[in-house]
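Following: one structure in structure tokens, then a few remarks.
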Amino acid sequence: MKWKALSKNYELYIFLLPALLYFAIFHYWPMYGVQIAFKNYVTTQGIWGSSWVGLKHFSEFVNSYLFWQLFRNTIEITVYSLVIGFPVPIILALMMNELRSARFKKAVQTITYAPHFISTIVLVSMLTFFLSPQTGLINKVINFLGGSPIPFLTSPEWFKTIYVFSGVWQTAGWSSIIYMAALATIDPQINEAAVIDGASRMQRIWYINIPGIFPTIVILLILSVGNLMSVGFEKIYLMQNPLNMESSDIITTYVYRRGIQQSQYSFASAVGLFNSIINFILLVMVNRIAKSLKQNSLW
């Protein structure tokens with residue numbers, strides 16, 4: 001029966017094949033190299049020729065003086081991004097769903113989607129241009145109002161806020177698409193019945209729209225928590241400078257310095273693997289919590 005079903009729907013499996021090959025080649029096969037995290041890897045000896053050192057690199061990282069700073073910065077940035085960035089696409093989708101003018105709705109969608117297509121390096125260049133203490137528009141406004149220029153990009157206390165809110169501006173519109181799709185699946189007759197019964201717009205949003213997209217919210221929240229330790233390296237690295245390292249130095253930038261710049265491949269692999277293990281544990285925990293509350297879960 002399985003072969004019969006396979007032959008009957010072979011076109012669908014052919015469409016699925018490129019995605020399977022992509023994950024197999026670029027995600028699963030590279031796991032072979034994870035073993036260097038437990039070895040003293042020497043390039044001339046190769047992976048198999050290098051000697052085993054067990055958990056030496058993990059112990060070195062956990063006991064290093066930078067561990068807690070890196071761990072704290074990573075957690076603070078990701079939790080800050082989750083708390084601020086996760087609800088915004090939901091609110092934006094709910095607001096756009098209530099727009100009655102199709103032309104205005106398309107204009108709002110275009111404006112909010114557009115930042116998603118800006119590259120990271122262009123975004124950081126824009127931040128540098130607008131937040132410059134000498135020529136930046138923001139500081140010119142502060143000067144006009146009688147204040148003193150603020151070195152935003154070199155101040156550790158401002159780094160996380162700038163990183164998070166610029167990320168929300170760039171991704172909120174694009175992230176709202178999936179919620180818009182979920183809202184489109186809600187039966188319009190339910191809203192029509194609520195209007196007849198005298199429900200206000202806020203009541204329809206609270207008692208119909210939000211429960212209707214709640215399973216989608218739960219699944220995306222689980223996935224977001226599963227990536228809690230995976231802060232975007234490119235943007236952090238481009239915004240980083242010696243003056244804001246206190247707030248901007250995270251695990252992924254540390255891996256880059258030790259692995260690429262200092263050629264300590266085994267140590268960098270161990271730190272990266274440690275980061276992935278924490279992500280996996282968080283994913284399993286949140287999925288189990290969602291399942292215990294009888295909400296949607298990944299498995």
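- Under the 4.5 Å side-chain heavy-atom criterion for Ile, Leu, Val, Met, Phe, Trp and Tyr, F58 and L66 are members of the same hydrophobic cluster.
- Checking side-chain atoms of N241 against main-chain N and O of L243 turns up a donor-acceptor pair under 3.5 Å.
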Discussion item. Would F165 and Y80 count as a side-chain contact (heavy atoms from CB on, under 4.5 Å) here? Give the steps.
Written reply: CA-CA 10 Å; F165 279 90; Y80 194 180; 3.4 Å; yes
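- The two residues S269 and A37 come nearest to each other via the heavy atoms C-CB, 3.8 Å.
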Item to complete: Test F38 against L55 for side-chain contact (heavy atoms from CB on, under 4.5 Å), laying out the working first.
Response: CA-CA 6 Å; F38 306 93; L55 300 176; 3.8 Å; yes
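- With Q264 contributing its side chain and R258 its backbone, the two residues share no donor-acceptor pair below 3.5 Å.
- Judged purely by atom type and a 3.5 angstrom limit, S266 uses its side chain to pair as donor or acceptor with the backbone of I36.
- For the pair L131/W158, no side-chain contact is recorded, criterion being any heavy-atom separation below 4.5 Å from C-beta on.
- A pairwise comparison of heavy atoms in I251 and T74 identifies N-OG1, 3.2 Å as the closest pair.
- Nearest heavy atom pair, residue P215 against residue P211, reads CD-O, 3.7 Å.
- Residues I77 and I250 meet the side-chain proximity criterion, which asks for heavy atoms closer than 4.5 Å.
- Not a single donor-acceptor pair under 3.5 Å links the side chain of T253 to the backbone N or O of D249.
- Side-chain atoms of N191 and N209, non-hydrogen and from C-beta on, do get closer than 4.5 Å to each other.
- When the side chains of ILVMFWY residues are joined at heavy-atom separations under 4.5 Å, either directly or via intervening members, V53 and F267 end up in two distinct hydrophobic clusters.
- S176 places a side-chain N or O within 3.5 Å of a backbone atom of G173 that can act as its donor or acceptor partner.
- With rounding to the nearest 0.5 Å, the separation of OG1 in T154 from CE in M245 is 14.0 Å.
- Between H27 and Y22, the distance from one ring center to the other falls under 6.0 angstrom.
- Linking ILVMFWY residues whenever their side-chain heavy atoms come closer than 4.5 Å, directly or via other members, leaves I260 and L70 in distinct clusters.
- Looking at R204, its side chain never comes within 3.5 Å of a backbone N or O of V195 through a donor-acceptor pair.
- Atom CG in L282 sits 12.5 Å away from atom CD1 in I222 (nearest 0.5 Å).
- N40 has its side chain out of reach of S50: every pair of non-hydrogen atoms, C-beta onward, lies at least 4.5 Å apart.
- S132 places none of its side-chain heavy atoms less than 4.5 Å from the side chain of N139.
- A donor-acceptor distance shorter than 3.5 angstrom exists from the side chain of S247 to the backbone of P156, with no hydrogens or angles considered.
- Atom NZ of K105 has more than 12 heavy atoms from other residues, nucleotides or ligands within 6.0 Å.
- Note: the hydrophobic cluster containing Y163 also contains V88 (ILVMFWY, side chain heavy atoms under 4.5 Å, direct or indirect links).
- Nearest heavy atoms, K39 versus H57: O-NE2, 2.9 Å.
- Heavy atoms of other residues, nucleotides or ligands lying less than 6.0 angstrom from CD of E11 number more than 12.
- Expressed to the nearest 0.5 Å, how far CG of L183 lies from CD1 of I178 amounts to 11.5 Å.
- To the nearest 0.5 Å, the span separating CG on L283 from OG on S224 amounts to 10.5 Å.
- At a threshold of 4.5 Å between side-chain heavy atoms, the hydrophobic network of Ile, Leu, Val, Met, Phe, Trp and Tyr places V218 and Y207 in one connected group.
- Closest approach of L82 and P87 over heavy atoms only: O-CD, 3.7 Å.
- The local environment of NZ in K160 is crowded, with over 12 non-hydrogen atoms from other residues, nucleotides or ligands closer than 6.0 Å.
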Discussion item. Run N97 and Y179 through side-chain contact (heavy atoms from CB on, under 4.5 Å) and show every step you take.
Written reply: CA-CA 10 Å; N97 188 60; Y179 298 111; over 6 Å; no
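- Looking only at side-chain heavy atoms (C-beta outward), F152 and T161 stay at 4.5 Å or farther from each other.
- Judged by distance alone, the side chain of S175 and the main-chain N or O of A172 form no donor-acceptor pair under 3.5 Å.
- No more than 12 heavy-atom neighbours from other residues, nucleotides or ligands sit within 6.0 angstrom of CE on M202.
- Distance OG/S166 to NZ/K235: 2.5 Å, rounded to 0.5 Å.
- Between M95 and V108 there is no side-chain heavy-atom pair separated by less than 4.5 Å.
- Without hydrogens or angle criteria, R257 side chain to V255 main chain gives no donor-acceptor distance under 3.5 Å.
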Discussion item. side-chain contact (heavy atoms from CB on, under 4.5 Å), that's the test. Do L223 and I219 meet it? Break it down for me.
Written reply: CA-CA 6 Å; L223 293 174; I219 292 296; 4.3 Å; yes
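- The environment of CD1 in I121 is sparse: at most 12 heavy-atom neighbours from other residues, nucleotides or ligands sit within 6.0 Å.
- No side-chain heavy atom of V124 sits less than 4.5 Å from a side-chain heavy atom of Y237.
- Classification of the W48-Y32 ring pair by plane angle, with boundaries at 30° and 60°, yields tilted.
- Remark: I217 CD1 to I210 CD1 distance equals 7.0 Å, nearest 0.5 Å.
- The local environment of CH2 in W169 is crowded, with over 12 non-hydrogen atoms from other residues, nucleotides or ligands closer than 6.0 Å.
- Atom CD of E98 sits in a crowded spot, with more than 12 heavy atoms from other residues, nucleotides or ligands closer than 6.0 Å.
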